[in-house]
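Please read the structure below before turning to the comments.
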Amino acid sequence: MPGSVKLRSVKKFGQENVGYEFSDEGKLCSSNYSQIYITLHSDFRFASCREICMMIFGSLCAIVHGSAQPLMLLVFGMLTDTFIEYDIELNELSDPEKVCVNNTIQWRNLTEIALNMTKSCGEIISTVILLIVLFCFRLLDIEYEMTNFAYYYVGIGAGVFILGYLQISLWITAAARQIQIIRKMYFRKVMRMEIGWFDCTSVGELNTRMSDDINKINDAIADQVGIFIQRFTTFVCGFLMGFAKGWKLTLVIVSVSPLIGVGAGLMALFVAKLTGMELQAYAKAGAVADEVLSSVRTVAAFGGEKKEVERYDCNLISAQRWGIRKGLIMGFFTGYMWFIIFLCYALAFWYGSSLVVDTQEYSPGTLLQVFFGVLIAALSLGQASPCLEAFAAGRGAATIIFETIEREPEIDCLSEAGYKLDKVKGDLEFHNVTFHYPSRPEVKILEQLNLQVTSGETTAFVGPSGAGKSTAIQLIQRFYDPKEGMVTLDGHDIRGLNIQWLRSLIGIVEQEPVLFATSIAENIRYGRPGVSNDDIITAAKEANAYNFIMDLPQKFDTLVGEGGGQMSGGQKQRIAIARALVRNPRILLLDMATSALDNESEAVVQEALDKVRMGRTTISIAHRLSTIKNADVIVGFEHGRAVERGKHDELLDRKGVYFTLVTLQSQGDKALNQKARQEMEEAESSVPDAERKSLNRAGSYRASLRASVHQRSRSQLSNVVPELSVAIAGELGTPHVFAYCMSVEPAPVTRILKYNAPEWPYMLFGSFGAAVNGGVNPVYSLLFSQILATFSMPDPVEQRREINGICLFFVVVGLVSFFTQMLQGYAFSKSGELLTRRLRCLGFQAMLGKEISWFDDHRNSPGALTTRLATDASQVQGATGSQIGMIVNSLTNIGVAIIISFYFSWKLTLVILCFLPFLALSGGFQAKMLTGFAKQDKEALEAAGQISGEALNNIRTIAGLGKERNFVEMFEAQLEAPYQAALKKANVYGACYGFAQCVVFMANSASYRFGGYLVYREGLHFSFVFRVISAIVTSGTALGRASSYTPDYAKAKISAARFFQLLDHIPKISVYSDEGDKWDNFKGDIEFIDCKFTYPSRPDIQVLNGLSVSVRPGQTLAFVGSSGCGKSTSVQLLERFYDPNNGRVLIDGHESTRVNVAFLRSKIGIVSQEPILFDCSIAENIRYGDNQRDLSMNDVIAAAKKAQLHEFVMSLPEKYDTNVGSQGSQLSRGQKQRIAIARAIIRDPKILLLDEATSALDTESEKTVQEALDKAREGRTCIVIAHRLSTIQNSDIIAVMSRGYVIEKGTHDYLMSLKGAYYKLVTTGAPIS
């Protein structure tokens, strides 16, 4: 609603806001003001004397500025009186009895009367004098008077410009200086926090605090305070003026305002309630979306896409209904507000005119001063309220920020306290150490750990993941302190040592080393401050890094990219080793330092590590045996304790943790190397010599490409064949870096409208309502000027009739406005809600049609997708309905105003039109001031944000290197530029604000002066002057405000673009397409031929490495092997969740990539380890197994009986209608498993996939479920994955997998006779995973 209260029409100043804001009148001023004021002072705790003086002076300027508007009303009242007086004189002159002599009005026959009187009579003389006084007053010189008023206006305008400038620039400058201090203190404190604090606080949250929260404090202590003081002063002065000039009329107007307050309060109440209902209704749909997207594999496996889209749509209908009601209610109350406001005008002018005309208590000017004084006061109060919001937000943000600034870290890395030992030997010992991470207090990581590491020896930690190996290393670095027990260095508890000194003794190389976005030399220099270039070169040579660095075009000055992204894995590792060596550490910690490398890089890096271990205390964690065989001591970890300790051979004899690791690994390595050699021989025999070189070259180039994309090279060949030298990425010249960009082009409005096309009748009616509402503004100025005209009418009867007519007309306009506002609100909310529902549905359908790998991308997590459905779709309506309404409204507003103005006086209109662009600018700028300028500041801080982001993301590395101070200094250096920019901006904003405030005064000064000229020279009626000026000035400011009040139009276009991106993305494996082979006699013959596969989200880890295995119809194939060897992956290829990168999967001789997806999945039933059930009844869940047909209850019961489920279901009170709860939470695991089996059976699949279907069960349930499975397998091709050997002994084929490759296959007896990996697993009883 563009502000129409318009009254400012006249009294100008531009900052009015939406008309009905003054509702909150009483409410705001009393309570919030005082309360916020009390707590606000703590936001200024970092202000120095200089800033306090600036803020005090800025406040004084704001107070004087605030009184300028009421002051202007005094001038305006006198100006009106002058015009009316002049008009009355002109009316006098129109009397044929009177004549103008020497600029003086006289009676024509005055002289004759005088002569006829007897001169002797004294009384007669006095009568004559009286008559002369009455009728010979001088005619007003209207041009002279108007010139004076113009000077007043210009004077006030100039004052306002200067005050506005000072008020804003002083406050912003003072705030900028304080915010600078807060940012520095906050970052400095965060960098001192212990690592445990970072575990409990996400880096994203800290980054948000650094930017958004501090910006909120900035908003609360900057220009908003000045603006609040200014508006509050206007509020006080306006009311004071009203009561001083005319208390009766003021009381009448104030008595009506509760009606508006009640309307605003009810509207807020209803809108909040309806929004709540709408969100609740949408929450149901959101829960469906979330449930479906979280279990998208189950939905895909059972072909439930269409069913889910329908279920989602049903839940959207009620949300849509509440949304439409909300639009109607908002339209109703907005209309009600306007209606009351126009009634208020009618009452004020009717009662006011009786005070002017009948009792003559007021002059017309006083009437206007009182009316507009009260109105401005109310409006200013309404506009002060957004400032209170800013204060509250700032207060909230400040609490969190100041809490952190005041918190004392438990392990303060920058403290100077603690001993530094003169001589360090390097003996480490753990005494009864118990530890859990602060972020997961319920999980004990180390329990009573006792362990000795002798100086100068290499100790290797081995054990399954989660056993506490890396944790032990972090305790040595004192990232954490143990909860019980202690860690000692040479007999001293490390808690008593100086922390920076302790960390300077330690060099660490991690699995994924962190490099900083600078040059190689600088990265190495981070190891030790002030290190010479010679030392850097020596360290690089020791780390086997020197040669590859010298091959790069810029040598040591080569930039490594964000996070070291320009380097391959091996290169990053070697730079990290050089960085650790340059410290010349006493203790070297190697946490999986080579695990991320291919064999060749590993050999090089391992060699470097072996060189540097001499004479240092070294602790190495590794999973690859080759790297730990030669350690002096090997320690086996399990469940947070050191369970075995000794040399390689001793531990093999013990058949414990170490033995299990060795067995599985050596088998896998052997098979892979054999296969790779075969491949090499085949390749070499078929390629002539000349080409062989180029082949190697191409291989290495491909490797380099891959490595640079995925940040570490792990090319398939180099992974398996030590002999094949594959050059490491980056050594071939500059690697390619592919950055993924999330930026989108805003969507074209036409495309958005196309989706909204079916609602065109609603949009048409809505636009009609908006057009009428736009015309209300100019009509108001017409009526207002008409009232002024009546004050100069000579005939009292006609005058009274005219006034009553106009007041009645005000009421009519109010009524019309009431209905059109309702129409506009309803029509646009209806079209908007329908569009939102349509888009949500399309979006959800598009999501379910995506291939599974799309969901693996962290950007498409279920949470992110549900949010996108919730917010993006609803924001899009901002670009259609309400947006069109806003445009139509503004156009009719300005159009009608200009037509009226040209009709009454085209000359004056042309003069004012010159000011129109400035008025619109001023209105737009005012609205902009309300929202604050935080956005621009954000951009200026990006460089500092990058440093803080890098520091927080890599806090462990920085703490390990003791580089916290450097980052604090770099961060503070980066803050200087934005700070200077903020000071510069303070002046620009100040000037803009001053200009926006004074432009209305200037426009009035020129217009009224020129109006005076036209009235005098061209006989223009004075009411036309008011009519033209108020029409254009109100429309101008309304136009400016409309431009900025649009519901965020740009945001809507971006949201739409993101949505269209989703709809336009074509999935690689499409469920909805009808293309692809289908055939009738589906048998279930499956063959994997040399399948290689990496997950798209982890392209550097080869999961399948040439899987070849086949199973005939009706046979059972069992996969065994350690976790991560590719068993479940092979099942996913069969379901076509993914397609293999190389090799083929054949089904009945058809290649899987050519088979119709929906057809293929309809032939497969799957039961997985953790079956996912949907939040509906048991029967519904079983029916989900076949979404193609309508299944009767008998079908459901038959399937349940086969799955040994029927009896259990009949024992439940609600039988098959029992709800299973979210994700099946109401049922035990065994019950869930059997429902999943029934679901698989009901689709009568030709192929049954059992992925660890019984591993999560206790023995009792396992028996029942196993029976059900054995029944279900009859006559079907079956693939079983299991960890318990008992479940797979009777399979037709058992395939033992390691590292994505089958190392042995055959029946149970055959494999036992081989005495290979399978035999070892069965006989030692070692767990397979």
Side-chain angles (χ1 to χ4, degrees), residues 35-48 51-52 55 171-225 387-410 412-414 438 932-953 955 958 964-965 967-976 978-979 981-982:
Q35 165 199 345
I36 294 244
Y37 201 76
I38 296 163
T39 51
L40 246 181
H41 70 273
S42 59
D43 285 357
F44 299 108
R45 63 176 77 178
F46 296 112
S48 65
E51 275 100 69
I52 291 173
M55 293 190 291
W171 271 102
I172 291 187
T173 306
R177 302 166 72 106
Q178 294 169 63
I179 291 298
Q180 174 82 332
I181 296 169
I182 293 177
R183 277 188 209 285
K184 286 182 174 174
M185 292 187 66
Y186 184 69
F187 187 68
R188 202 173 296 161
K189 182 51 71 82
V190 166
M191 290 306 283
R192 284 175 56 187
M193 291 299 178
E194 72 277 9
I195 301 289
W197 184 79
F198 285 97
D199 291 345
C200 304
T201 319
S202 77
V203 173
E205 191 182 333
L206 288 174
N207 281 330
T208 313
R209 297 233 178 108
M210 301 280 313
S211 55
D212 297 4
D213 285 12
I214 293 185
N215 282 341
K216 279 183 193 153
I217 301 180
N218 192 8
D219 281 349
I221 64 174
D223 48 346
Q224 295 287 333
V225 186
C387 303
L388 293 178
E389 275 169 42
F391 298 156
R395 184 84 208 103
T399 316
I400 304 173
I401 298 281
F402 294 161
E403 234 170 54
T404 307
I405 290 179
E406 282 155 16
R407 181 182 186 274
E408 281 309 313
E410 287 165 31
D412 185 353
C413 55
L414 294 181
F933 287 93
K935 288 192 193 79
Q936 284 99 313
D937 303 344
K938 254 192 204 161
E939 282 140 39
L941 284 163
E942 267 176 8
Q946 272 169 344
I947 289 177
S948 66
E950 188 171 35
L952 299 173
N953 278 318
I955 188 72
I958 291 170
E964 294 92 349
R965 269 200 188 87
F967 274 88
V968 170
E969 283 158 17
M970 277 158 52
F971 179 76
E972 292 184 355
Q974 283 296 346
L975 285 180
E976 201 43 46
Y979 170 60

task: Measure the shortest side-chain to side-chain distance between V225 and M55 over non-hydrogen atoms and say whether it is less than 4.5 angstrom.
output: no
Lys/Arg N to Asp/Glu carboxylate O, K189 vs E408, below 4.0 Å: yes
task: Please answer whether the main-chain N or O of A174 pairs with a side-chain N or O of Q178 as donor and acceptor at a distance below 3.5 Å.
output: yes
Side chain E51, main chain S48, donor-acceptor under 3.5 Å: yes
- request: Test R177 against Y979 for side chain to side chain contact (heavy atoms under 4.5 Å, CB included), laying out the working first.
  value: CA-CA 8 Å; R177 302 166 72 106; Y979 170 60; 3.2 Å; yes
message: Give me the atom names and distance for the closest heavy-atom approach of W171 to I221.
response: CE3-O, 3.5 Å
statement: Note: I217 and A397 closest approach over all heavy atoms is CG1-CB, 4.1 Å
statement: Here the pair of heavy atoms bringing F198 nearest to I955 is CE1-CG1, 3.6 Å
query: Does a side-chain N-to-carboxylate-O contact under 4.0 Å join R407 and E194?
result: yes
- prompt: With side chains defined as the heavy atoms from C-beta onward, is the minimum distance between T404 and W197 less than 4.5 Å?
  reply: yes
- prompt: Considering all heavy atoms of both residues, which atom of F187 and which atom of A951 are nearest to each other, and what is their separation?
  reply: CZ-CB, 4.0 Å
query: Side chains of N218 and I182: does their closest heavy-atom pair fall under 4.5 Å?
result: no
- request: State the CD1-CD distance between I172 and Q224, to the nearest 0.5 angstrom.
  value: 9.5 Å
Separation of E969 CD from Q974 CD (nearest 0.5 Å): 13.5 Å
- prompt: Do the non-hydrogen side-chain atoms of Q180 and E976 ever get within less than 4.5 Å of each other?
  reply: yes
query: Closest approach of P438 and G196, non-hydrogen atoms and distance?
result: CG-CA, 3.6 Å
